[in-house]
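Residue numbers count from 1 along this sequence.
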Amino acid sequence: MLCGMQAHDGPLTRLRKSHEQSVLDLLRKHGPLSRAELGTHSGLSRTTLYDIVAGLVEGGAVVASTPPAEVRRRGRPVEKLSLNPDAGEAIGIDFARRAVHVSAVNVAHEMIGSASEAHAADLTWAQRADIAERLLGTLGGSGQAGPARNGPAEGPRPGTLRLGSLSAIGVGVVGPITDPGGAEARALSIDGLPGLPGLLRERFGVPVLLDNNTRLAALAEAVWGAASDGGDVLYLRLSHGVGGGLVVGGSLHRGMYGMSGEFGHITVDPQGAPCECGGTGCLETVASLDAVLHRYRSAGGRAEDIAAFLSAAAAGDRIAHAVLEQVGTDIGMVLAAVSNAVGPGVIVIGGELAQAGAALIEPVERALRTHVMPMVRNRVRVRRATLGDAGSALGGIALVLHESPLLSRYPQPVTEELA
């Protein structure tokens with residue numbers, strides 16, 4: 001949490017943190033509450049509650065206010081407590097293969113804004129960092145805004161991003177992220193990303209937490225998006241690459257080497273095309289955006305990019321629908337295999353290809369039900385992702401705040417602290 005905490009971690013400190021978290025969670029869920037209302041919801045004794053509230057107010061995480069004079073009733077005004085939106089912000093950045101997405105929230109989990117910009121695949125990391133910095137400068141102004149607390153449907157909330165009050169930045173990047181030297185090593189090994197943490201640290205002056213961007217999108221969908229009610233969740237992103245994430249046993253799963261969620265490299269056709277991972281016939285070779293476009297053009301379709309392909313599918317193009325039928329079948333077979341091993345209650349499908357809607361989702365569901373275990377055939381729910389381009393950046397924010405129970409058993413992410 002962004003309020004001050006003592007460094008030691010004894011039983012009393014942990015109990016106090018638990019009480020503080022309970023109070024903060026109630027204020028996020030219900031909005032401003034009186035001390036009496038907090039006592040009713042939390043079950044804490046009056047003495048304990050008042051002590052916890054006093055500490056949170058003193059630390060700046062909570063503010064107290066009284067109703068305006070024109071709305072007060074007779075008698076002494078009742079003081080209301082609420083999260084302090086000015087206590088700080090958290091930033092999430094998603095460095096996708098061909099775009100940068102940024103999001104920022106305040107400590108009250110209200111969205112300050114989100115913004116995105118596409119770029120060429122061969123941009124340097126310094127140039128991508130330039131884009132991120134510029135996009136962050138638009139938040140609270142021209143950036144698109146919407147609350148992270150309950151998803152984007154509630155509408156925008158105005159805000160201003162103040163970079164000086166950041167505590168950390170959560171960053172999603174493509175590919176596995178490892179720390180080969182263990183906790184004592186400072187150098188990070190990130191496939192294709194040498195020096196990125198230090199670059200961002202120098203730009204923003206705060207620690208940088210890094211993780212796989214698709215896994216962070218899974219976290220965001222499970223916290224705020226399509227699977228917020230889902231328990232165990234399997235997330236699949238269909239974009240320039242194909243990957244995913246797992247929420248198992250109520251916790252985001254990273255894997256021993258950060259390799260969890262590499263669904264794009266499950267074989268669907270042993271005689272298929274070679275994959276960049278070194279395998280043959282991986283799901284990514286048939287379900288990535290480039291692979292789908294190649295299949296469509298080979299069958300006689302005409303589309304310059306994925307947007308044109310999706311438009312053709314929406315217009316009822318027979319070739320586009322045939323391609324989506326086959327791609328959806330391949331995807332459903334892979335999802336069935338993973339589901340038989342993991343047993344998710346919800347499968348969330350995101351990425352640009354998911355915009356095809358029912359033309360893709362229906363064949364996915366048919367193949368899934370054909371190949372999944374009969375006893376769960378009608379129990380696994382398939383949903384489209386709801387957070388769009390902001391998903392991974394919002395997952396980076398969740399990683400920074402580290403407040404979701406989905407992260408309770410999650411390994412400490414790769415980080416580079418300030419010197």
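- Under a cut-off of 6.0 angstrom, the local environment of CZ in Arg302 is sparse, with at most 12 non-hydrogen atoms contributed by other residues, nucleotides or ligands.
- Within the 4.5 Å cutoff, side-chain heavy atoms of Asp229 are placed close to those of Arg381.
- Within 6.0 Å of CD in Glu58 there are 12 or fewer heavy atoms belonging to other residues, nucleotides or ligands.
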Would Gln127 and Thr124 satisfy side-chain hydrogen bond (donor to acceptor under 3.5 Å, both in side chains), going step by step from the backbone distance to the final call? CA-CA 5 Å; Gln127 290 171 317; Thr124 68; 3.2 Å; yes
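- The minimum heavy-atom distance between Leu234 and Ser339, with the atom names listed, is CD1-OG, 4.1 Å.
- Phe95 has its side chain within reach of Val100: a pair of non-hydrogen atoms, C-beta onward, lies under 4.5 Å apart.
- Separating the NE2 atom in His265 from the OG1 atom in Thr285 is a distance of 10.0 Å, to the nearest 0.5 Å.
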Verdict with supporting geometry, Ile131 and Leu123, side-chain contact (heavy atoms from CB on, under 4.5 Å):
CA-CA 10 Å; Ile131 293 175; Leu123 244 58; 3.6 Å; yes
Quick one, Leu353 with Leu324, criterion side-chain contact (heavy atoms from CB on, under 4.5 Å). Give me CA distance, side-chain angles, the key distance, then yes/no.
CA-CA 9 Å; Leu353 195 60; Leu324 289 170; 4.2 Å; yes
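- With respect to Glu221 and Arg383, no salt bridge is recorded, no charged nitrogen being found less than 4.0 Å from a carboxylate O.
- Formation of a donor-acceptor pair under 3.5 Å by the Thr138 side chain with backbone atoms of Arg134 is not found in this model.
- In this structure a side-chain-to-backbone donor-acceptor pair under 3.5 Å is missing from Asp330 to Val286.
- For the pair Ile112 and Val105, the minimum side-chain heavy-atom distance is 4.5 Å or more.
- Scanning all heavy atoms of the two residues, the minimum distance from Ala354 to Ile349 falls at CB-O, 3.6 Å.
- Formation of a donor-acceptor pair under 3.5 Å by the Thr370 side chain with backbone atoms of Arg366 is found in this model.
- Of the possible donor and acceptor atoms, one in the side chain of Glu37 sits under 3.5 Å from a partner among the backbone N and O of Ser34.
- Around atom NE2 of His294, no more than 12 heavy atoms belonging to other residues, nucleotides or ligands sit under 6.0 Å away.
- Asp317 has its side chain within reach of Tyr296: a pair of non-hydrogen atoms, C-beta onward, lies under 4.5 Å apart.
- The minimum heavy-atom distance between Ala393 and His101, with the atom names listed, is CB-O, 3.9 Å.
- No donor-acceptor pair under 3.5 Å is formed between the side chain of His19 and the backbone N or O of Leu49.
- Using a 4.0 Å cut-off between charged nitrogen and carboxylate oxygen, Arg297 and Asp305 do not count as a salt-bridge pair.
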Evaluate side-chain hydrogen bond (donor to acceptor under 3.5 Å, both in side chains) for Arg237 paired with Ser392, printing each intermediate quantity in order. CA-CA 11 Å; Arg237 174 187 270 175; Ser392 294; 2.7 Å; yes
For salt bridge (Lys or Arg N to Asp or Glu O under 4.0 Å), just list the numbers for Glu276 and Arg97, CA-CA rounded to whole Å, side-chain angles, deciding distance to a tenth of an Å, and then say yes or no. CA-CA 14 Å; Glu276 63 179 18; Arg97 295 193 184 194; 3.5 Å; yes
Val400/Ile169 under side-chain contact (heavy atoms from CB on, under 4.5 Å): CA gap, chis, key distance, verdict
CA-CA 7 Å; Val400 168; Ile169 297 176; 5.6 Å; no
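- Expressed to the nearest 0.5 Å, how far CG of Leu219 lies from CH2 of Trp224 amounts to 7.0 Å.
- By the 6.0 Å contact criterion, CZ on Arg377 is enclosed, its count of non-hydrogen atoms from other residues, nucleotides or ligands being greater than 12.
- In this structure, Asp269 contributes its side chain and Gly281 its backbone to no donor-acceptor pair below 3.5 Å.
- Nearest heavy atoms, Ser116 versus Asp389: OG-CB, 3.8 Å.
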Item to complete: Could you check Glu20 against Leu56 for side-chain contact (heavy atoms from CB on, under 4.5 Å), going step by step and ending with a plain yes or no?
Response: CA-CA 7 Å; Glu20 288 177 333; Leu56 292 172; 4.1 Å; yes
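- Contact detail for Gly391 and Ala220: the closest heavy-atom pair is O-CB, 3.1 Å.
- Although no hydrogens or angles enter the test, the distance criterion places no donor-acceptor pair under 3.5 Å between the side chain of Ser18 and the main chain of Arg14.
- Inter-residue side-chain proximity for Val346 and Tyr235 is flagged as unmet; no heavy-atom pair is nearer than 4.5 Å.
- Looking at Ser251, its side chain never comes within 3.5 Å of a backbone N or O of Val248 through a donor-acceptor pair.
- One finds the CG atom of Leu33 at 13.0 Å from the CD atom of Glu79 (value rounded to the nearest 0.5 Å).
- Separation of atoms CZ (Arg16) and OG1 (Thr13) is listed at 9.0 Å; rounding is to 0.5 Å.
- By the 4.5 Å heavy-atom criterion applied to side chains, Arg35 and Val53 are counted as neighbours.
- Ser82 OG to Leu27 CG: the interatomic distance, rounded to the nearest 0.5 Å, is 7.0 Å.
- Taking CD from Glu262 and CG from Leu283, the interatomic distance works out to 11.5 Å, rounded to the nearest 0.5 Å.
- Counting heavy atoms from C-beta outward, Arg215 and His253 have side chains that stay 4.5 Å or more apart.
- The shortest side-chain heavy-atom distance between Val348 and Val233 falls under the 4.5 Å cut-off.
- Nearest approach of Ala299 to Ile319, heavy atoms of both residues: O-CD1, 3.5 Å.
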